[in-house]
Structures are given as structure tokens and as C-alpha cells.
Asks: 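I have a structure here, written as C-alpha cells, and I will follow up with some questions on it.
Nothing here was measured: the structure is a model prediction, and the numbers come from that model.
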Amino acid sequence: MGVDIQNKIRLALGSVKDHASIGKAMIYNHHDGKAFSDIEIAVLRATGHDNGPIGDKYMHEILFLVSNSPGSIPFLAERISRRLCKTRHRLVALKTLSLIHRLLRGGNRCFEQQLRSAHVSGHLQMSTNSFRKCSDPWSSFLRSYAAYLEERVGWAINQAGKLEPVMFNGLEFGCYEEKSVDMVFRKLPKCQAFIDRVLDCSPRDIVPVADSLAQAALVNTLKESFQVYIMLYEGIGILINMFFDLTRPARALACDILERASRQSKELYDLYETCKRVMENKNLEYPNVQIITMDHVLALEQCSSFMSTSTSTTPPPLSDCLTTLGKESEKEGNGDNGSSSSQFSCTMETKISKVWVVFEEDDGELQVPMAMDIV
């Protein structure tokens, strides 16, 4: 009973603060123009102290006002950053971060690029310093979600509606096969950095009071992680196929990427399984995570070491490395140096037998030798 009264008091005080902030926006931003004032008011209303999600009407209003007000995106970014920096209310902070995420997902490509430029220039900041010293699940999720959005700004939605990392020389869209080896080594680490930020946003940190808001934020995060995982999985396959064509330093870098992918694949599988159990949205199409074991990585490292020490220019078949690795693992597990391989060490020979077999036919008897005898 006492908790309900406290929550009602907080909501009432929050509503008063929202009305006061909106009133100030109407007064102090009048000299900047009505459009800029309307943008700030829409931001304040979208990120109010109530428990409800961000209304679609506020999202549409913000996008409409910005599209009809040239040069307003830096102003929008500053007001969002100010809202996030000044608030001490966790719901307001979460709704502000969710607003940034929805703007990144809901705007057109031009708007998305300008919002990214505002982040690079410092107009858009996703600081959660107000909750840095807090150790409760609320604050932990806020920090993880903010870190995810910091990484998410470095990605763009291409014309096919898929996420692609933004490169320093512009937007690089297309398949791995059409890019150079250097492009593969630039994309895969960005995919892995993205996945790391997703792994930090564990649903275990979501508390019941924030379920609707936090789960809505996590649903969008998961949807984007599905696309990035598929890109990462395809890139890993291409990296393995080109492994023996790489230089020695490049092979070492490839092994580092594969070791990281081995850890991430297991953790991502566990995260998706947890989300399937606790998330209310059961319509998400989770990808089938292929777990990369360290045995696969060790086999490639062994092949790389062989190529570095061998004078031959022809690399050994990967199957040879896997067979050798399997035999070594079997020796270590059984503690027997001879029994594990003795059954495969015998020499197989093909000999023509001298034994004749008689077959009865209608016209007589036919004698033929046995074809082969394996000894």
C-alpha cells in the first residue's frame, strides 16, 4: 500500500515537472522560432515521467517538425542530450534512450546521416553519468543500453533495409565476395563489437516495473542483432575459406577473430535462449546460432603454424589438421599413447586369391577366381 502511494506521488511530481519544462520551452525558445520550440516540446512529451511507452504521435510529430525545419537536427540532438543528462529519473532516461533508438530506426537515410553527424560533432550525447555509481538492475540496464546505442550509431540501414557498418570512407554496402580482404577484416571486428554490446543488454537486468519499456527496447535490440549475427556468420565462413591464402600476420588476426567468435557464439546462444523464456514477445524469429568450438580454432592455428615452419608452399589439408588434433585429444583423454592409433596402423593390401569357386550354370560349370582378398 505504501509503495503504491509513493509511486503515485512520484508520478504526480513528475507530471508537474513535465508541465513546468514545457512551459519554459514555450517561453525561452520563442526567439528561436516556433518550429524549434515545438521540437523541444515534442521531446519533453515523448519522454515524460509516466510509465507508458513513447507514443507514435510524438515520433511522427518530431520527424515532421525536423523535416520541415532545415538545420534543426543539431538542435534536436542537443535537446535530447540535455534531457538525458539532467534527469535523475530512470524511466525518463530509458524513454530518452528509446527515443534515440527509434529515431535511428524510423527516419530516412538523410535524417539518419545527419543524426550520426550530430553524434560525431558532440551535439548528440548518450551520457548516463547520473546512474554510473548505482549498482541496481535498473542502472545496469541503462548503462548497457546506452553503450549499445553508442555502437549502433556507427551502423546504417541500407536500401535493402539491412544494417551495415559505416566505414570511414563512407557507406560500404554489398556482399563480402565483392570486397577486398581488408574490407572483411574491417567488417568482422565491427560485427563482433556490436554483438558484445548486445550481450551486455541481458534481460536478467530488467526489473518488473520497467518490463514494458525495457522489453520494447530489448526487442528492437534483438531484431538488429539477428541481422548482424547473420552477417558475422557469413563473414566467418568466408574468412575460413580464404585462410590459407592470407599472409602470416593476417592469419594470426584471423585466429584472434575466430577465438572471439567462439566465445560470442556460446554467449549469444545462451542470451537468445533466455530471451525466448522471459520475453513477452514470442513472435521474434531467432536465428539458429552455430556454436564455434575452440577445437575448430586450434585446428586452424595448427595449420597456420605448420605453414609458417614448413618450406613447402602448399598448405596441408584442413582435414589433416583436424585428424591430428583429434588424435592428440584422444591421447590426452585416454592416457594411452599407442592404443588409440594402433587399430588404424595396419597396412591394407589387395591380393588375388588362388582359390577357385565353382558356379553351376545350365550349359555347364564355370570356374572363376575370387576377386579380392583383403589381409
Asks: Kindly give the heavy-atom pair with the smallest separation between Gln192 and Ile257, and that separation in Å.
Replies: NE2-O, 2.9 Å
Asks: Under 4.0 Å between a Lys/Arg side-chain N and an Asp/Glu carboxylate O for Lys95 and Asp50?
Replies: yes
Asks: Write down the atom of Val92, the atom of Gly48, and the distance for their closest heavy-atom approach.
Replies: CG2-O, 4.0 Å
Asks: Check whether more than 12 heavy atoms from other residues, nucleotides or ligands sit under 6.0 Å from atom NZ of Lys276, and answer yes or no.
Replies: yes
Asks: Less than 4.0 Å between a side-chain N and a carboxylate O, is that true for Arg82 and Glu78?
Replies: no
Asks: Compute whether any side-chain donor of one residue and acceptor of the other, for Tyr229 and Glu234, lie under 3.5 angstrom apart.
Replies: no
Asks: Would Arg263 and Glu267 pass as an ion pair if we require N to O under 4.0 Å?
Replies: yes
Asks: Leu163 versus Arg152: any side-chain heavy-atom pair under 4.5 Å?
Replies: yes
Asks: When you check the side-chain N and O atoms of His119 and Gln125, is any donor under 3.5 Å from an acceptor?
Replies: no
Asks: When rounded to the nearest 0.5 angstrom, what is the spacing between CD1 in Ile292 and OG in Ser265?
Replies: 5.0 Å
Asks: Is it the case that Arg88 and Ser130 place a side-chain donor and acceptor less than 3.5 Å from each other?
Replies: yes
Asks: Between the side chains of Thr47 and Arg83, does any donor sit under 3.5 Å from an acceptor?
Replies: yes
Asks: Answer yes or no: is there an ion pair linking Lys223 with Glu285, defined by an N-O contact shorter than 4.0 Å?
Replies: no
Asks: For a quick test of reading the model, state the closest non-hydrogen atom pair linking Trp155 to Cys191 and the distance between them.
Replies: CH2-SG, 3.8 Å
Asks: Answer yes if the ring centres of Phe75 and His123 are under 6.0 angstrom apart, and no otherwise.
Replies: no
Asks: List the steps and the verdict of side-chain contact (heavy atoms from CB on, under 4.5 Å) for Arg102 and Ile54.
Replies: CA-CA 9 Å; Arg102 291 191 62 177; Ile54 298 176; 4.0 Å; yes
Asks: Decide, yes or no, whether a salt bridge links Asp196 with Arg260 under the criterion of side-chain N to carboxylate O below 4.0 Å.
Replies: yes
Asks: Which atom pair, heavy atoms only, marks the closest approach of Ile157 to Arg109?
Replies: O-NE, 4.0 Å
Asks: Who are the ring-ring contact (aromatic ring centres under 6.0 Å, His included) partners of Phe226, not counting sequence neighbours?
Replies: Tyr272, Tyr286
Asks: Evaluate the criterion side-chain contact (heavy atoms from CB on, under 4.5 Å) for residue pair Cys201 and Arg197; output intermediate values, then yes/no.
Replies: CA-CA 7 Å; Cys201 297; Arg197 299 287 76 79; over 6 Å; no
Asks: Please name the pair of heavy atoms, one in Ser202 and one in Phe141, separated by the smallest distance, quoted to 0.1 Å.
Replies: O-CD1, 4.3 Å
Asks: For side-chain contact (heavy atoms from CB on, under 4.5 Å), just list the numbers for Met231 and Glu164, CA-CA rounded to whole Å, side-chain angles, deciding distance to a tenth of an Å, and then say yes or no.
Replies: CA-CA 9 Å; Met231 183 187 303; Glu164 287 279 355; 3.9 Å; yes
Asks: Any chance the side chains of Ser127 and Asn129 put a donor and an acceptor closer than 3.5 Å?
Replies: yes
Asks: Dump the intermediate steps for side-chain contact (heavy atoms from CB on, under 4.5 Å) on Leu63 and Phe111, then the final yes or no.
Replies: CA-CA 9 Å; Leu63 293 174; Phe111 174 83; 4.1 Å; yes
